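Heads up: the structure comes next, in structure tokens.
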Amino acid sequence: MLFNSYGFLVFFAVILAIHYSPISWTLKKVSLLMGSYLFYALWNPPFVLLLWLSTVIDWWVSQRLDTESRLGRRRLLLGISLGANLGLLGFFKYGGFILENFTAMVNAMGLPYAPAAPDIILPVGISFYTFQTLSYTFDVYRRKSKPAQSFLNFALFVTFFPQLVAGPIVRPDQLIPQFRRPHYATRNMFFWGLFLVTLGLFQKVVLADGFLSAAADAVYGSAVRVNFVDAWVGTLAFAGQIFCDFAGYSTTAIGIGLCLGFSLPTNFLFPYAAIGFSDFWRRWHISLSTWLRDYLYISLGGNRRGQIRTYVNLMITMLLGGLWHGASWNFVIWGGIHGLFLIVERLLRRFFGDGTWLHHGFVRFCLGTLTFLLVTLTWVFFRAQDLPTALALIQEMLLLTRSGEVVLDLTNGPFVLLVMIPLLITQWRLRHITLEDALGNKPWWFIALLWAGMIVSLLLVQGGENAFIYFQF
Amino acid sequence: MPSSTSSFRRPVPVRPWRRIALTMIVLVVGCLATWEWYWRNQGKQPSMDNTEALWSSVRQKVTREPGASATVIIGASRSVFDVDLDEWEQAVGERPLLLGLSGACARVFLADLAAEPNFHGRVVVGMMPSLFYSNGGPYQNAVDYVDYYHSEWTPAKRFSQKVGAVADANLAFLNKEELSFKALYNQWLAEDPFEVGLPEFAVVTQERRHLMIDRVTEDLAFRAGIRRTFMDMLRGATAPSDAEFMAMATEVAVHIAAIRARGGDVVFVRFPASGNYLVREQSIWPRAAYWDRLLAVTAARGIHFQDHPSLNGFECPEWSHLTVADAASFTRGLAPLVAAAFAAGPPNNPQP
């Protein structure tokens with residue numbers, strides 16, 4: 001079920017009504033759990049079984065891990081959880097990709113092999129909920145967390161509908177303790193939650209779908225080679241679209257959680273105001289980047305095994321982070337480029353040190369602009385259908401060729417600048433504070449006007465029920 | 001409302017939220033009420049968005065009662081403009097399902113129904129030659145809708161469509177094709193509203209019936225623009241070659257056979273056209289070659305508007321569709337003829 005749908009409004013109203021009805025806390029949790037399964041099942045009912053499988057296996061593993069002291073057995077239990085979750089992910093998400101590349105490799109060796117194309121449906125949210133349950137198993141294995149005492153609390157942690165399908169990827173110690181005792185929203189929480197829901201939907205429906213997607217689709221779906229200006233405008237449009245779409249989802253999820261009295265972690269912190277790629281990954285999809293840092297990068301050794309090994313670990317983490325986004329070499333390349341930029345940044349830091357000139361406002365602005373432009377260039381690989389298209393666009397954007405044509409017009413081009421300029425200015429001005437701080441100081445009538453403006457815009461733009469981009473991951 | 005402490009808690013701005021929310025509600029209701037009032041004053045009425053979701057909401061009824069009989073009308077825009085569902089039900093005691101789609105090829109819908117194992121009903125095929133014999137855009141339009149139904153029509157979307165229909169049926173400004181921000185912007189950009197495409201000239205009901213708006217008959221310039229657009233659509237159009245025709249007709253015959261094998265039947269209907277459009281249509285797709293011959297090859301019955309006094313003599317104001325009043329009269333004549341054709345069963349063996 002999509003947040004940006006009439007059906008969700010009704011669903012959410014019913015969930016709220018049950019949550020604030022005079023029934024026991026346990027019954028409320030059960031209704032939240034059933035509601036979450038229904039939320040997922042309304043997309044494709046049989047795939048609820050995968051959620052169940054992941055839940056039951058990790059519950060069983062974590063209970064055994066808590067009492068098992070033998071290292072070999074503990075590793076075996078961890079392996080079961082890893083095998084089950086990564087196996088599910090591998091089959092449903094990467095099965096076709098693996099087969100396709102295996103076939104290409106075998107054919108390249110001169111061996112005839114042409115298997116039937118698999119028809120595997122990608123379960124929505126599988127990348128998110130498998131990573132969420134894996135973080136739980138890892139934390140129990142490392143004895144960082146105790147396993148949940150209640151299966152209901154654990155099942156709700158896996159399935160909690162606001163963040164089930166596209167994050168934020170929540171850590172067990174962030175959410176499970178909240179289920180132990182009755183949680184209700186205060187007036188501040190409830191209304192702030194509704195405001196965030198509105199803001200999230202505004203970002204998705206009005207900005208991403210209404211104003212930015214047309215230009216991005218026109219450029220990336222063009223049958224002809226696109227010229228320098230349109231390549232940049234189209235890619236800027238996609239940069240804005242993917243931010244507004246994904247941050248919109250996270251904001252809506254956080255808002256829904258708040259309305260129910262639960263706190264979900266921030267997932268975006270004005271990423272396009274980042275200075276450097278390390279800063280970017282502290283601001284973009286924070287729940288994924290911290291997951292990769294804590295469970296992959298650190299497990300590989302992090303920066304504790306020398307400079308070269310640090311760079312290798314960084315690159316492996318970013319390559320796998322890219323692959324997490326989708327079964328395509330484009331995503332791996334995207335991750336690899338980010339890894340490369342992270343490595344280069346570390347080298348530059350070693351070379352330039354921490355001189356005072358680096359803290360000068362104008363220098364930081366230039367570095368921030370450069371970071372944004374480089375991030376935008378990497379989005380080409382993320383959005384392009386295939387590598388040749390991505391390379392053709394990059395060539396145009398870097399003026400390596402000048403053979404492109406105009407594909408954008410007044411029906412789609414102007415909106416990109418209309419949205420992106422204020423978006424970038426806002427992000428730059430708010431880069432040191434949170435949204436709560438930014439609006440917390442504003443007059444009440446300003447917040448009311450802003451809120452009303454977003455709702456009216458939502459209804460005037462009349463976006464369709466388009467799926468969020470990260471649903472495909 | 002009490003709240004408990006937890007180890008993780010988001011900061012929340014402390015503001016006078018009740019005042020903020022009330023002010024917001026007043027502003028939103030005021031703005032939207034003004035917007036709705038403005039468009040109602042402009043003559044706009046609530047109309048369903050003619051989307052894949054709306055089409056799917058009717059398509060799912062085809063299999064709602066497995067084994068039950070149903071009459072489904074497919075085709076292009078004439079099949080949804082020219083049929084009055086109330087008149088049809090009054091005439092023959094059954095209310096058909098409208099699965100026609102403007103600018104779409106009926107052969108795709110016929111194939112879909114032929115492949116639907118739980119469909120045992122009857123199909124009325126509105127045959128508009130420029131679209132029926134197309135393998136290009138109109139064909140793909142229909143494919144997109146059918147594919148949406150089979151791959152994206154999830155329970156969530158069904159539920160959402162039901163809920164959204166309440167708003168669409170009551171608010172005139174919720175007309176995405178004409179009154180969304182983007183649609184208004186594109187109209188503002190264009191010097192001639194017909195530059196951005198054919199403007200909306202019908203109100204769409206939940207059952208997908210298209211009701212022609214009064215502006216078509218009252219605003220001569222508007223009507224002339226629609227006529228011009230229709231004639232432009234025929235510019236450069238060609239009829240299929242003999243081989244192409246036989247391939248299509250054979251394909252259609254196979255679908256008809258599948259529907260008949262499950263106890264159903266298929267009847268073709270040629271809805272009215274007028275003026276220069278009819279003349280051009282008949283010159284590109286002569287009746288003998290593209291109507292009579294289709295019926296012969298597919299061994300199906302056909303009802304041509306020119307063959308029956310109760311169906312002939314209607315004037316399509318923009319040369320291609322009937323007004324609401326004429327659709328009612330036309331349907332009073334058509335429904336019994338279709339019922340009789342179904343009752344008579346298939347004619348004798350197919351002829352090449």
Side-chain angles (χ1 to χ4, degrees), chain A residues 1-2 5-11 20 39 41-45 173-175 177-178 180-192 194-195 210 214 254 258 261 263-266 410-411 434 436-437 439-440 442 444-445 447-449 451-453 455-457 459-462 464-465, chain B residues 1-32 35 49 51-53 152 154-168 171 173-177 179-186 189-190 196:
Chain A
M1 182 182 280
L2 298 173
S5 67
Y6 288 117
F8 179 75
L9 290 177
V10 173
F11 171 85
Y20 291 104
F39 178 85
L42 285 174
W43 163 70
N44 199 332
D173 58 1
Q174 288 174 324
L175 195 53
Q178 296 187 62
R180 288 187 195 131
R181 283 181 292 280
H183 262 67
Y184 306 106
T186 61
R187 179 180 295 148
N188 278 332
M189 286 171 78
F190 189 79
F191 283 109
W192 180 238
L194 287 180
F195 182 88
I254 290 167
L258 277 173
S263 290
L264 297 175
T266 299
L410 286 174
T411 63
T434 63
E436 287 80 1
D437 293 333
L439 284 174
K442 290 287 182 286
W444 67 269
W445 53 264
I447 301 175
L449 267 173
W451 200 352
I455 294 177
V456 170
S457 302
L459 290 168
L460 292 189
V461 163
Q462 294 183 51
E465 294 180 12
Chain B
M1 286 175 275
S3 72
S4 300
T5 57
S6 71
S7 58
F8 177 71
R9 199 174 173 87
R10 291 189 65 84
V12 172
V14 177
R15 307 301 293 133
W17 284 109
R18 193 181 289 177
R19 193 190 313 169
I20 290 171
L22 280 171
T23 307
M24 176 273 290
I25 289 169
V26 167
L27 287 171
V28 169
V29 171
C31 285
L32 295 179
W35 194 237
D49 286 329
T51 58
E52 292 92 330
E152 294 185 55
T154 60
K157 288 192 176 166
R158 290 177 208 216
F159 179 56
S160 203
Q161 171 68 18
K162 267 202 173 87
V163 175
V166 175
D168 278 353
L171 294 170
F173 77 82
L174 286 181
N175 181 335
K176 190 177 174 188
E177 280 116 341
L179 302 182
S180 66
F181 173 80
K182 257 309 183 54
L184 291 171
Y185 172 76
N186 289 342
L189 268 185
V196 294

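Just so you know, these numbers come straight off a predicted model, no measurement behind them. Each chain gets a letter, A, B and so on, in the order the sequences are listed, and its residues count up from 1.
- The two residues Ser263(A) and Arg9(B) come nearest to each other via the heavy atoms OG-CA, 3.5 Å.
- The two residues Leu42(A) and Thr154(B) have their closest heavy-atom pair at O-CB, 3.4 Å.
- In this structure, Arg10(B) contributes its side chain and Leu264(A) its backbone to a donor-acceptor pair below 3.5 Å.
- When all heavy atoms of Tyr185(B) and Leu410(A) are compared, the pair lying nearest together is OH-O, 2.7 Å.
- Contacts of Leu439(A) with chain B are made by backbone atoms alone, with heavy-atom separations under 4.5 Å and no side-chain atom involved.
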CA sep, side-chain torsions, deciding dist, call: Trp35(B), Leu460(A), side chain to side chain contact (heavy atoms under 4.5 Å, CB included): CA-CA 9 Å; Trp35(B) 194 237; Leu460(A) 292 189; 3.1 Å; yes
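- The CZ atom of Arg19(B) sits 13.0 Å away from atom CH2 of Trp445(A), with the distance rounded to the nearest 0.5 Å.
- Put simply, of Ile254(A), Leu9(A), Asn44(A), the one with the most heavy-atom pairs under 4.5 Å next to chain B is Ile254(A).
- When Trp444(A), Phe195(A), Trp43(A) are compared by the number of non-hydrogen pairs under 4.5 Å with chain B, Trp444(A) comes out ahead.
- Going from atom CZ of Phe191(A) over to atom CZ of Arg15(B) covers 14.5 Å, rounded to the nearest 0.5 Å.
- Among the candidates Arg18(B), Lys162(B), Lys157(B), the residue making the largest number of heavy-atom pairs closer than 4.5 Å to chain A is Arg18(B).
- In terms of heavy-atom proximity, Met1(A) sits nearest to Ala156(B) at CA-CB, 3.8 Å.
- Between Trp17(B) and Trp451(A), the two ring planes are perpendicular [angle over 60°; tilted spans 30° to 60°].
- Heavy-atom distances place the side chain of Ala167(B), and not its backbone, under 4.5 Å from chain A.
- For chain B, the option among Leu2(A), Leu175(A), Leu194(A), Thr266(A) with the highest count of heavy-atom pairs below 4.5 Å is Thr266(A).
- Nearest heavy atoms, Gln462(A) versus Phe173(B): NE2-O, 2.7 Å.
- Across all non-hydrogen atoms, the minimal contact from Gly440(A) to Pro13(B) is CA-CB, 3.9 Å.
- In terms of heavy-atom pairs under 4.5 angstrom with chain A, the leader among Asp49(B), Leu174(B), Leu27(B) is Leu174(B).
- When each of Pro11(B), Ala53(B), Ala183(B) is checked for heavy-atom pairs under 4.5 Å with chain A, Pro11(B) comes out on top.
- Among Gly261(A), Ser457(A), Pro265(A), Ser5(A), the residue with the largest count of heavy-atom pairs under 4.5 Å with chain B is Pro265(A).
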